[in-house]
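Read the structure below first, then the notes.
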Amino acid sequence: MKRYIHWITVCCLLIFSSACTDGEKSPEEEEEIIIERFSLFLNELEGNLPTRAVTDYAVNTTDDPTAQLAEREAWTLHVEIYKGDNVYNPYGIADFTAGTTVTEWLPTGTIHFPNYSTQKATLRLYPVMANAEVDPLQDTAAALLKQDILEQNGSPTINLVPAHIPHAQLRHAHSMLDFRLRNVNDQDISDVKVDIGGIEYTPYQVATGNYPEYMLIVPVGTVSPIIRVYTAGGARYQQTTVNQITNTVANTCYCFTLSGLELRLAEITIAEWNTGPGIMGEYTTEQSYPTFRGPANAIATLYYDNGLSQDVIFNDQGEVTDRPVGRHLIRIQPDQGIPVDVDIILTSMVIDLSMYF
C-alpha cells in the first residue's frame, strides 16, 4: 500500500511535466512478484465420509505408498504461470526442489508472477528423469510410488493467488486400481498380471494371506483391464475382464474384489484417491451392496452401533440385497419380537444371519 501511495504522489508531480500518460498502468497491474518458494499439499479430504467398501482397501491408508507427499524429496516440481491465456515465458517458468520438508519447494531459478492479479498456473511433481508414460513394472512400493505423478488439483489449470509464497493443492495425475483376491491363499499364487490394451502390468502386492491385495497405477482412459492369476505350478489360474471399468479418470481409485475359486467379480467401488479415509463411492454394479441371508419371507430390523436401524424383508430364497446403514451390526429384531444380540462387522458381500433367528 505504501508503494501505491508513493506512486500516486510521483505521478501527480509528473502530470505538470507531461511525463505521466493516460495509458500508463498502476504497479498492481505491471510490477512482477518474485516467488520465494511454493507451499504444497496433497489433495486432502474435507468431511471424511468413509464407506464400508472403500475403507476395506489399502488405498489412502498407511499401507498405501502414494498416500502422502513423503518419499518425494528427490523429485522435481515444474511450475508454469500464465499471463492471461499464455504462459508468462520465460519469467513464469521454473523448476523447484524440496526444501527442509516436502511441503515447501525452492526455485532453482527466478520465477515471477506477471502482476498482482490472480493468474492461471500448472504444476507437475515427478521423479528425476521420469518417463511420461506409466511404467508397467510396479512390483515394489518404490516402483509404484515412482509412477504417482502429481499435478495441480484442477484441469487443465488452477487459479493461483499472487504471493511470494503461493499455496497449491496437488492431485494424482493418473488412475489407480486396488483389487483383492478373496479366499485365495497367496501361497498358491505365483504371479498376478493386469493386461491393459495389450500391455501386461505387474502390480504391487500390498497385502498377503488369504486376502492378497494388489495396487497398480494405470494411465487415464484405461478400459476393461484383464486380471490374470497364475498358480505356483505355472499354469494360468484365471483370467477376468473387469468390464465395469471404462475410461478411468485422474485422481480416482477403482477398488474391487475377485471372489471364489473362479474369481468372479464381487464388487467394485469408485473413490477419490486422496489422503485420509476414502470418501463416499459411486457404485457401478448391482452387487456393490451386500446380500443378507435369513429365513425365507421373514421380516427383521437390523440395529447398528451408530444408532441407526433398517427393516429388511427376505425373499423366497431367504435373501435380501440392501445398502447397510452402518458397519457394526449389534442386534437383530425378528418379526416374532425376540431380539438377538450379535456382534457382526460387515466386511463381506454376503452376511448370513440365519443362525441368529
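Worth saying up front: this structure is predicted, and the values here are computed from it rather than measured.
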| query | Which word best sums up how the rings of F179 and Y214 line up, parallel for under 30°, tilted for 30 to 60°, or perpendicular for over 60°? | reply | parallel

| task | Kindly check if the number of other-residue, nucleotide or ligand heavy atoms within 6.0 Å of CD1 (I313) is above 12? | result | no

| task | Report yes or no: does T248 contribute a side-chain atom to a donor-acceptor pair with the main-chain N or O of P219 at less than 3.5 Å? | result | yes

| D64 side chain reached by V206 side chain, heavy atoms, under 4.5 Å | no

| message | Listing request: all side-chain hydrogen bond (donor to acceptor under 3.5 Å, both in side chains) pairs with a residue in residues 303-312, at least two apart in sequence or in separate chains. | response | T301-D311, Y304-Q310, Q310-D322

| message | Using modelled atom types and a 3.5 Å cut-off, is there a donor and acceptor pairing between side-chain atoms of T222 and backbone atoms of V220? | response | no

| request: Supply the atom-to-atom distance L77 CG to L106 CG, rounded to the nearest 0.5 angstrom. | output: 10.5 Å

| task | Mind listing the closest non-hydrogen atom pair of P114 and I81 along with its distance? | result | CD-CG2, 4.1 Å

| note | Applying salt bridge (charged side-chain N to carboxylate O under 4.0 Å, His left out) to E73 and not counting sequence neighbours gives none

| request: Check step by step if side chain to side chain contact (heavy atoms under 4.5 Å, CB included) holds for F96 and L40. | output: CA-CA 11 Å; F96 289 69; L40 300 180; over 6 Å; no

| field | I245 with V192, same ILVMFWY side-chain cluster at under 4.5 Å | value | yes

Only distances under 3.5 Å count here; give the side-chain donor-acceptor pairs of residues 121-129 to other protein atoms, sequence neighbours excluded, each with its distance to 0.1 Å.
none

| request: Looking only at non-hydrogen atoms, find the nearest pair between P162 and I33 and report the distance. | output: CB-CD1, 3.8 Å

| query | From L144 CG over to M215 CE, what is the distance, rounded to the nearest 0.5 angstrom? | reply | 6.0 Å

| What residues, two or more places apart in sequence or in another chain, satisfy side-chain hydrogen bond (donor to acceptor under 3.5 Å, both in side chains) together with H167? | S39

| note | Scanning both residues in full, the closest heavy-atom pair of I35 with P166 reads CG2-CD, 3.7 Å

| request: Examine distances only and state if a side-chain atom of T241 and a backbone atom of N243 form a donor-acceptor pair shorter than 3.5 Å. | output: no

| Any residue meeting salt bridge (charged side-chain N to carboxylate O under 4.0 Å, His left out) with K193, in chain and number order, not counting sequence neighbours | D191

| task | Name all residues meeting the ring-ring contact (aromatic ring centres under 6.0 Å, His included) criterion together with F113; count only those two or more places apart in sequence or in a different chain, and write none if there are none. | result | none

| task | To the nearest 0.5 Å, tell me how far L160 CG sits from S117 OG. | result | 12.5 Å

| query | Any side-chain heavy atom of R171 within less than 4.5 Å of one from S155? | reply | yes

| task | Using atom types as modelled and distance alone, determine if a side-chain donor or acceptor of N153 lies under 3.5 Å from a backbone N or O of Q169. | result | no

| query | Hey, does K120 have a side-chain heavy atom less than 4.5 Å from the side chain of D85? | reply | yes

| query | Can L329 be reached from L308 by stepping across I, L, V, M, F, W or Y side chains whose heavy atoms are under 4.5 Å apart? | reply | yes

| said: Working note: R72 + L150, criterion side chain to side chain contact (heavy atoms under 4.5 Å, CB included); need CA distance, chi angles, decisive distance, verdict. | reply: CA-CA 11 Å; R72 305 176 202 256; L150 303 180; 3.8 Å; yes

| task | With rounding to the nearest 0.5 Å, note down the distance linking CD in E80 to CG in N89. | result | 8.0 Å

| message | Can you list everything that forms a side-chain hydrogen bond (donor to acceptor under 3.5 Å, both in side chains) with N159? Sequence neighbours excluded, please. | response | none

| Would you say the side chain of V242 lies within less than 4.5 Å of the side chain of Y254, judging by non-hydrogen atoms? | no

| Minimum heavy-atom distance P107-I111, with the two atoms named | CB-CG2, 4.4 Å

| Do L42 and Q68 come within less than 4.5 Å of each other through their side chains, counting heavy atoms only? | no

| note | Those residues at least two apart in sequence (or on a different chain) that pass side-chain hydrogen bond (donor to acceptor under 3.5 Å, both in side chains) with T101 are T103

| query | Quick check: does any side chain N or O of Q147 sit under 3.5 Å from a backbone N or O of Q138, one acting as donor and the other as acceptor? | reply | no

| remark: Sorted by chain and number, sequence neighbours left out, salt bridge (charged side-chain N to carboxylate O under 4.0 Å, His left out) with D316 holds for none

| request: Could you grab the distance from atom NZ of K83 to atom OH of Y91, nearest 0.5 Å is fine? | output: 10.5 Å

| Applying the 4.5 Å side-chain criterion to the ILVMFWY set and letting contacts propagate, would M355 and V320 be lumped into a single cluster? | yes

| Validation row: P225, V218 side chains within 4.5 angstrom (heavy atoms) | no

| request: Using a 4.5 Å cut-off on heavy atoms from C-beta on, say whether the side chain of W75 contacts that of L145. | output: yes

| hydrophobic_cluster_shared for F292 and V325, side chain cutoff 4.5 Å | yes

| Could R180 and Y57 be counted as a cation-pi pair, given that NZ or CZ must be under 6.0 Å from the ring centre and within 45° of the axis? | yes

| request: Not counting sequence neighbours, which residues clear side-chain hydrogen bond (donor to acceptor under 3.5 Å, both in side chains) with T76? List them please. | output: none

| Which other residues belong to the hydrophobic cluster containing Y82, where Ile, Leu, Val, Met, Phe, Trp and Tyr are joined when side-chain heavy atoms lie under 4.5 Å apart, directly or via other members? | V87, I93

| task | Verify side chain to side chain contact (heavy atoms under 4.5 Å, CB included) between L353 and L302, making sure each step is shown before the conclusion. | result | CA-CA 10 Å; L353 304 178; L302 309 181; 3.9 Å; yes

| said: Donor-acceptor check, side chain of T202 to backbone of L137, threshold 3.5 angstrom: yes or no? | reply: no

| said: Between I158 and L170, is there shared hydrophobic-cluster membership here, with clusters defined by ILVMFWY side-chain heavy atoms closer than 4.5 Å? | reply: yes

| task | Might you point out which heavy atoms bring P136 and E200 nearest each other, and give the distance in Å? | result | CB-O, 3.5 Å

| said: Using 0.5 Å steps for rounding, measure from the CG atom of L181 to the OH atom of Y211. | reply: 11.5 Å

| query | What is the minimum heavy-atom distance between C253 and D178, and which atoms define it? | reply | SG-CB, 3.7 Å

| field | Pairing residues for D195 by the salt bridge (charged side-chain N to carboxylate O under 4.0 Å, His left out) criterion, not counting sequence neighbours | value | R228

| task | Apply the test side-chain hydrogen bond (donor to acceptor under 3.5 Å, both in side chains) to residues D352 and S354: give CA-CA distance (whole Å), side-chain angles for both, the deciding distance (0.1 Å), then the verdict. | result | CA-CA 6 Å; D352 193 348; S354 303; 2.9 Å; yes

| Donor-acceptor pair, side chain of H164 and main chain of I34, under 3.5 angstrom | yes

